[in-house]
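Just below is one structure, and these are the notes that go with it.
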Amino acid sequence: MTKTIEEINEKILNGSARVVTAEEMPSIVAELGEEGALKEVDVVTTGTFGAMCSSGAFFNFGHADPPIRMERAWINDVEMYAGLAAVDAYLGATQESVTRGINYGGAHVIEDLISGKTVEIRAQAKGTDCYPRKSIENELLLEDFNQAIMCNPRNSYQRYAAATNSTDRTIHTYMGALLPGCGNVSYSGAGCLSPLINDPKLKCTGSGVPIFLGGAQGMIVGPGTQNSPGTLFATIMTTGNLKEMSTDFVRAAAMTGYGVTLYLGLGVPIPVTDIDVVRNTAVRDEDIKTNIVDYGVPSRNRPVLAQVSYADLKSGAVEINGEEVRTSALSSFKKAREVAAELKSWVESGKLTVNLPTRKSDPTIVVKPMRESKRPPTIREIMTSNVVSINETEDIKSAAKKLLNAQTNHLPVVNAAGGVVGIVTTYDISKAVVKENQDGKVSEIMSKNVVTTTPDEVVDIAVMKLERNKISALPIVDANGHLVGLLNAVDLGKLVGKRWTK
Amino acid sequence: MKLQLTFTKKQGREPVIAKVILATGALINVEKAYIESLCGEVLIDVQDSDAEKVCSKFRELGVDYKKLVDSVIRDENECVECGACISICPQEVFYFDDDWNLHLHTEKCVLCGKCTISCPQRALKVRA
């Protein structure tokens with residue numbers, strides 16, 4: 001048995017369509033069987049509510065008199081992209097205010113506009129014969145704009161990797177605060193309610209499909225940026241009229257140490273046309289697997305520490321290496337339910353009918369990493385390998401001599417096997433002299449908590465280590481932990497005037 | 001129950017908390033301490049049944065105390081009930097009910113402030 005879109009829409013319009021949420025679907029299929037569910041259910045509504053950084057809006061402000069062709073433009077000090085034409089601009093949700101930083105950004109402008117607040121527009125131009133004006137400052141309300149069209153390049157990730165942190169300090173990421181020693185797990189996505197997880201072959205979620213977007217009736221433009229349905233990380237590009245949206249479903253947010261983002265409610269109605277749709281929408285949290293990855297590793301290929309299901313994540317705790325770790329979501333499951341329920345009421349009342357995508361999406365596409373034509377500079381390129389070190393059993397006076405002879409402030413301390421066990425600085429020596437302890441051993445005064453780098457490490461990462469630990473040198477070690485060099489501020493200076501300033 | 005004690009510099013040198021424990025026999029858990037040059041603040045947890053006698057002993061020793069209620073405040077207009085605070089809080093103050101509504105055991109809060117910077121919606125505040 002199959003059902004056509006026309007049959008389903010006829011039932012929607014005469015008020016007899018059976019609409020359920022994706023959360024209700026598994027038990028319906030369990031009770032009625034797949035054929036029974038196909039006969040019974042006409043539309044399954046999905047929903048998600050979470051951080052969708054890749055969001056924003058196109059604006060048209062109308063022409064002023066004399067007119068201006070905006071070249072740079074700001075709303076409430078948040079810069080927009082004005083390289084379009086005259087009085088069009090695109091405001092990105094994550095763009096931060098030039099005056100208030102992370103506390104106010106594009107997402108906050110969007111929320112303020114929807115909630116009816118006055119915003120201040122500022123623009124600059126060079127002035128032309130046709131657009132003579134060089135600057136403008138103006139206060140506007142959303143209703144004053146000709147158009148305010150939300151257009152989001154990448155929304156509604158099918159699922160998302162969960163995050164933890166194996167390092168010994170708290171890190172602040174777009175997945176929120178991650179406590180040291182895998183102290184917590186942060187995840188995102190609505191699991192069984194997530195729109196794209198209910199349509200893995202992208203048969204129902206594509207261009208032209210009507211959706212719930214921020215409380216308004218929006219539309220899928222097509223596959224989103226970074227779309228990767230082949231690895232179950234599909235995305236969609238969406239659009240909707242900002243003027244019809246509600247702050248119940250559009251919320252500005254700020255992630256400490258990361259930046260501004262937009263929380264958005266999004267739901268897709270899935271017409272139940274055949275058995276495949278029934279099977280796909282019967283997906284349960286237990287069926288949706290994702291990885292817990294270590295965000296403590298500052299690399300694109302972060303290590304996977306465990307594989308879990310959304311049911312595990314939603315239970316409040318998961319196991320990593322035998323330890324129980326508490327989980328929490330960044331996205332709101334309660335709000336995701338509200339989205340799916342609201343969308344359900346729209347379809348039930350005939351306010352929204354369904355249709356299939358106007359163009360097919362390829363469900364096998366896999367996202368690629370950047371092809372890098374230039375490698376970022378590594379420590380190997382700037383390091384000096386004639387490093388002076390000292391054995392941990394030597395005395396402090398020898399350390400002082402070595403520092404003087406080598407004209408350096410940092411002396412790595414090694415053990416008999418050549419492994420780095422500490423570092424001694426001129427400051428440590430001075431302290432020892434003041435305390436009249438100059439006859440002691442190096443191991444008594446060295447810092448044992450040594451931060452190191454490797455020849456293959458990218459310079460930016462090593463610089464971050466220096467800044468974060470407020471230190472001025474890093475011993476360079478090989479894969480076996482043996483000392484092979486020392487990185488200090490002088491080496492970093494070599495980069496200035498070379499590659500970085502090109 | 002949590003009590004926030006304020007010490008003067010002089011009192012800070014005395015083993016006041018130990019005296020209160022010996023005098024009352026109450027189990028006192030010190031959860032947080034700030035030591036400034038002129039004064040100090042200590043957050044302690046006592047069993048509700050011991051609170052009365054502990055308070056009166058502190059009063060007798062001249063230590064200012066206040067009972068901590070609503071130590072963490074949630075702005076319900078801002079909160080989207082994502083629950084990001086749940087795994088961040090060392091005291092397990094935040095929890096979901098079966099319908100994913102977020103609730104708070106405010107009495108467990110030790111004012112560490114981790115939740116306030118972790119909340120994406122900036123919906124949480126702790127009493128200073």
Side-chain angles (χ1 to χ4, degrees), chain A residues 23 49-51 102-104 107-108 111 115 162-164 170 172-179 182-188 190 247-265 313-318 325-338, chain B residues 2 29-35 41 43 45 70-128:
Chain A
E23 203 182 355
F49 183 91
I102 184 183
N103 296 316
Y104 194 90
H108 297 85
E111 187 181 328
S115 60
T164 193
T170 299
H172 296 279
T173 71
Y174 64 82
M175 293 297 286
L178 300 172
L179 304 175
C182 296
N184 68 332
V185 166
S186 170
Y187 70 97
S188 190
T247 53
D248 287 344
F249 299 104
V250 183
R251 288 292 184 85
M255 298 288 183
T256 301
Y258 169 70
V260 175
T261 185
L262 186 71
Y263 271 54
L264 194 57
L313 291 169
K314 285 181 180 175
S315 75
V318 294
V325 183
R326 284 196 292 154
T327 62
S328 57
L330 284 177
S331 48
S332 168
F333 192 67
K334 187 181 172 191
K335 297 286 271 183
R337 275 182 171 170
E338 284 175 28
Chain B
K2 298 209 189 306
N29 195 13
V30 177
E31 298 194 321
K32 199 173 171 184
Y34 296 111
I35 312 295
E41 277 189 355
L43 183 68
D45 188 63
D70 293 338
S71 39
V72 53
I73 306 155
R74 172 168 67 136
D75 181 340
E76 296 194 5
N77 292 319
E78 286 295 332
C79 178
V80 297
E81 296 176 77
C82 65
C85 45
I86 294 175
S87 75
I88 291 296
C89 174
Q91 293 293 106
E92 307 195 11
V93 166
F94 307 95
Y95 65 100
F96 279 133
D97 65 20
D98 290 344
D99 284 321
W100 298 89
N101 298 302
L102 186 76
H103 299 281
L104 285 70
H105 289 300
T106 54
E107 71 283 0
K108 291 186 178 178
C109 175
V110 294
L111 307 175
C112 76
K114 285 195 172 69
C115 59
T116 59
I117 60 160
S118 300
C119 173
Q121 304 293 333
R122 301 290 184 262
L124 296 169
K125 282 194 177 62
V126 296
R127 283 198 197 282

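Within every chain, numbering begins at 1; the chains are lettered A, B, ... in the order of the sequence lines, protein sequences first and strands thereafter. Computed from heavy atoms alone, side chains included, the values below leave out hydrogens, waters and symmetry copies.
Highest contact tally toward chain B, considering only A253(A), A177(A), A329(A), is held by A329(A) [criterion: heavy-atom pairs under 4.5 Å].
With a 4.5 Å cut-off on non-hydrogen atoms, C79(B) touches chain A through its backbone but not through its side chain. V185(A) touches chain B through its backbone: at least one of N, CA, C or O sits under 4.5 Å from a heavy atom, while the side chain does not. Using a 4.5 Å cut-off between heavy atoms, L330(A) touches chain B through backbone and side chain atoms alike.
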Check chain B against chain A and list any donor-acceptor pairs under 3.5 Å.
| from | atom 1 | to | atom 2 | distance (Å) |
| --- | --- | --- | --- | --- |
| N77(B) | O | R251(A) | NH1 | 3.3 |
| N77(B) | O | R251(A) | NH2 | 3.1 |
| E78(B) | O | R251(A) | NH1 | 2.9 |
| V80(B) | O | S332(A) | OG | 2.7 |
| E81(B) | O | S332(A) | OG | 3.4 |
| E81(B) | OE1 | K334(A) | NZ | 3.2 |
| E81(B) | OE2 | K334(A) | NZ | 2.8 |
| A84(B) | N | A329(A) | O | 3.1 |
| A84(B) | O | S328(A) | OG | 3.3 |
| I86(B) | O | R326(A) | NH1 | 2.8 |
| S87(B) | N | S328(A) | OG | 3.4 |
| S87(B) | OG | N184(A) | ND2 | 3.1 |
| S87(B) | OG | S328(A) | OG | 2.7 |
| C89(B) | O | R326(A) | NH2 | 2.5 |
| N101(B) | OD1 | K334(A) | NZ | 2.7 |
| I117(B) | O | T256(A) | OG1 | 2.4 |
| P120(B) | O | A254(A) | N | 2.9 |
| R122(B) | NH1 | A254(A) | O | 3.1 |
| R122(B) | NH2 | T256(A) | OG1 | 3.0 |

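Partners of A107(A) by side-chain contact (heavy atoms from CB on, under 4.5 Å), not counting sequence neighbours, listed by chain and number: A93(A), A252(A), V260(A), L262(A).
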